[in-house]
A.B. asks: 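This is the structure, below, for whatever I ask next.
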Amino acid sequence: MEVSLSIDDATCIRCGRCVRVCPSVIFTQAAPKRPIGVQHPNTCIVCGHCVAACPTGSVRHGDFPEEKVHPVDRGGLPSPEQMLALCRSRRSNRAFTSSPVPERALGMIVEAAHRAPTASNLQQVAFTLVTDPDTLRRITAFTVETFASVVRKLENPLLKPLLKVFVGGAYRYLPNFHRLIGEYGEGRDLILRGATAVLLIHTPDGSRFGCQDSNLAYQNASLMAESLGVSQFYTGFVCSAAGQAGHGLEKLLGIDGKIHAGMAMGMPAFRFPNYVDRREVELRRL
């Protein structure tokens with residue numbers, strides 16, 4: 001990758017921050033307060049750490065011109081106590097109203113997801129936001145039909161002895177599959193639960209850390225939704241069906257790649273007034 005990268009010696013104070021934060025070891029400094037050098041700039045992963053860390057704007061990076069660099073207002077950030085309170089209060093709320101999620105809120109949720117870190121700063125994570133009611137119903141139908149196909153295979157008397165050996169753990173989910181299918185047949189959607197929006201998070205096929213990157217994005221989106229008062233839950237059933245059916249859901253939605261995570265959203269019928277403690281944390285210190 002051709003990268004334009006240099007140091008403005010006239011303004012550089014030789015603090016060495018860029019040297020310390022660069023994951024590709026592009027910046028050099030022989031000793032404290034000595035000039036900063038640049039080596040192998042084409043190994044840059046364009047993460048922007050150097051530009052973000054420089055207190056004098058002396059790192060000149062072609063991918064981060066002045067209009068893409070913004071000061072951080074630390075005073076405007078949530079306190080540790082506020083951040084922990086947000087994490088404690090976040091719940092998977094499936095009680096939605098029929099009101100749509102405001103466009104501004106959807107935009108902030110997508111931006112928060114997009115801001116999540118990615119392996120090697122590849123930034124291959126992409127998003128599909130579904131708000132069309134017909135398409136939402138198609139996602140539910142696809143998920144239920146996929147589970148129905150799985151049930152038929154698991155209960156096939158010819159396949160069952162073999163499947164018990166290789167995928168025996170799948171049989172514990174049979175009651176859930178039957179319940180989802182039965183409720184759907186009676187007009188009740190236990191997949192999306194009346195969500196008015198679904199955010200699907202995907203990466204190109206072959207992305208080595210696509211699953212990890214996508215779920216980091218989900219976590220950002222989830223906390224942003226909570227802060228906005230938007231109810232949400234992880235679309236585990238949809239993601240499971242997508243994995244079972246190859247690229248069936250991706251083809252249905254015109255997604256080029258693989259879905260790894262998703263979030264169903266809606267405006268809350270009510271908000272939880274309490275939070276409850278989780279089991280004691282399992283922590284090992286070495």
Side-chain angles (χ1 to χ4, degrees), residues 11-24 26-27 44-61 63-93 101-127 129 197 199 201 209 212-234 260-268 271-278 281 283 285:
T11 58
C12 178
I13 59 174
R14 303 179 181 182
C15 64
R17 292 186 183 185
C18 55
V19 179
R20 299 182 68 178
V21 301
C22 178
S24 299
I26 290 172
F27 300 94
C44 175
I45 63 172
V46 198
C47 65
H49 284 352
C50 56
V51 178
C54 183
T56 60
S58 301
V59 178
R60 306 299 189 188
H61 197 301
D63 288 86
F64 300 103
E66 186 176 345
E67 63 269 20
K68 285 193 172 184
V69 182
H70 312 280
V72 175
D73 177 11
R74 296 285 171 188
L77 300 180
S79 68
E81 292 77 16
Q82 289 170 329
M83 190 63 210
L84 187 55
L86 179 65
C87 292
R88 285 170 171 165
S89 64
R90 194 220 69 82
R91 299 203 69 82
S92 298
N93 187 353
V101 179
E103 284 296 322
R104 179 176 179 274
L106 291 173
M108 294 180 73
I109 289 167
V110 172
E111 181 179 354
H114 180 59
R115 291 281 180 177
T118 61
S120 299
N121 194 45
L122 290 177
Q123 299 187 47
Q124 294 180 321
V125 179
F127 306 92
L129 180 62
L199 181 66
I201 308 172
F209 297 102
Q212 293 88 338
D213 290 347
S214 296
N215 281 281
L216 285 170
Y218 163 80
Q219 189 63 19
N220 269 22
S222 175
L223 291 174
M224 175 57 78
E226 186 71 30
S227 73
L228 289 165
V230 175
S231 292
Q232 53 80 34
F233 64 87
Y234 192 90
H260 297 285
M263 186 167 72
M265 296 175 280
M267 299 311 294
R271 302 193 72 177
F272 290 82
N274 308 302
Y275 77 85
V276 297
D277 289 334
R278 297 177 68 84
V281 62
L283 172 67
R285 298 187 64 173

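FYI, the numbering just counts along the sequence from 1. Any value given below was found using the heavy atoms of this structure, including those in side chains, with hydrogens, waters and symmetry copies removed.
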A.B. asks: Quick one: CE on M83 to CG on L223, what's the gap to the nearest 0.5 Å?
C.D. replies: 4.5 Å
A.B. asks: Do any N or O atoms from the side chain of S24 and from the backbone of C44 form a donor-acceptor pair under 3.5 angstrom?
C.D. replies: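 No, S24 side chain to C44 backbone: no donor-acceptor pair under 3.5 Å.
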A.B. asks: Hey, are the side chains of H61 and V69 touching, using non-hydrogen atoms and a 4.5 Å cut-off?
C.D. replies: no
A.B. asks: Could you pull out all donor-acceptor pairs under 3.5 Å where a side-chain atom in residues 116-123 meets a protein atom, sequence neighbours excluded?
C.D. replies:
from: T118; atom 1: OG1; to: L122; atom 2: N; distance (Å): 3.4
from: T118; atom 1: OG1; to: Q123; atom 2: N; distance (Å): 3.0
from: N121; atom 1: OD1; to: Q123; atom 2: NE2; distance (Å): 3.1
from: N121; atom 1: ND2; to: I45; atom 2: O; distance (Å): 2.9
from: N121; atom 1: ND2; to: V46; atom 2: O; distance (Å): 2.5

A.B. asks: Distance check, rounded to the nearest 0.5 Å: Q82 atom CD versus L77 atom CG?
C.D. replies: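 Reported to 0.5 Å precision, the distance equals 10.0 Å.
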A.B. asks: Within the 4.5 Å heavy-atom criterion, are P102 and M267 side-chain neighbours or not?
C.D. replies: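 A side-chain contact exists here, since the closest heavy-atom pair is under 4.5 Å.
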A.B. asks: For the residue pair D213 and Q124, establish whether any side-chain heavy-atom pair is separated by less than 4.5 Å.
C.D. replies: no
A.B. asks: Work out which heavy atom in A53 is nearest to a heavy atom in V21; give both atom names and the distance.
C.D. replies: CB-CG2, 4.1 Å
A.B. asks: So which atom in N220 and which in R115 form the shortest heavy-atom distance, rounded to 0.1 Å?
C.D. replies: ND2-C, 3.9 Å
A.B. asks: Measure the spacing between OH of Y275 and SG of C87 and express it to the nearest 0.5 Å.
C.D. replies: 11.5 Å
A.B. asks: Sequence neighbours left out, what pairs pass salt bridge (charged side-chain N to carboxylate O under 4.0 Å, His left out) with at least one residue falling in residues 70-88?
C.D. replies: none
A.B. asks: Evaluate the criterion side chain to side chain contact (heavy atoms under 4.5 Å, CB included) for residue pair Q232 and R90; output intermediate values, then yes/no.
C.D. replies: CA-CA 9 Å; Q232 53 80 34; R90 194 220 69 82; 2.6 Å; yes
A.B. asks: Which pair of heavy atoms, one from A261 and one from Y218, lies closest together, and at what distance?
C.D. replies: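 Closest pair (atom of A261, atom of Y218, distance): CB-CB, 4.3 Å.
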A.B. asks: So do the side chains of K68 and V51 get within less than 4.5 Å of each other, counting heavy atoms only?
C.D. replies: no
A.B. asks: Could you go through the side chain to side chain contact (heavy atoms under 4.5 Å, CB included) check for M265 and L129 one step at a time?
C.D. replies: CA-CA 10 Å; M265 296 175 280; L129 180 62; 4.0 Å; yes
A.B. asks: Which residue is it: P23, C22, C18, S58? I am looking for the one with a side chain to side chain contact (heavy atoms under 4.5 Å, CB included) to C50.
C.D. replies: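 Per the side chain to side chain contact (heavy atoms under 4.5 Å, CB included) rule, the option paired with C50 is C18, out of P23, C22, C18, S58.
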A.B. asks: Taking all atoms of both residues into account, what is the closest heavy-atom pair of G57 and R60, and its distance?
C.D. replies: O-NH1, 3.3 Å
A.B. asks: To check you understand the geometry: which heavy-atom pair defines the closest contact between A217 and V125, and what is its length?
C.D. replies: CB-CG1, 4.3 Å
A.B. asks: If you look only at pairs with a residue in residues 13-24, which of them pass as a salt bridge (charged side-chain N to carboxylate O under 4.0 Å, His left out), with sequence neighbours excluded?
C.D. replies: none
A.B. asks: Any heavy-atom pair between the side chains of L86 and P78 that's under 4.5 Å?
C.D. replies: no
A.B. asks: So do N215 and Y234 actually touch side chain to side chain, heavy atoms under 4.5 Å?
C.D. replies: yes
A.B. asks: Any side-chain to backbone donor/acceptor pair from S89 onto A85? Under 3.5 Å, distance only.
C.D. replies: yes
A.B. asks: Closest heavy-atom contact between F233 and N93?
C.D. replies: CD2-O, 4.3 Å
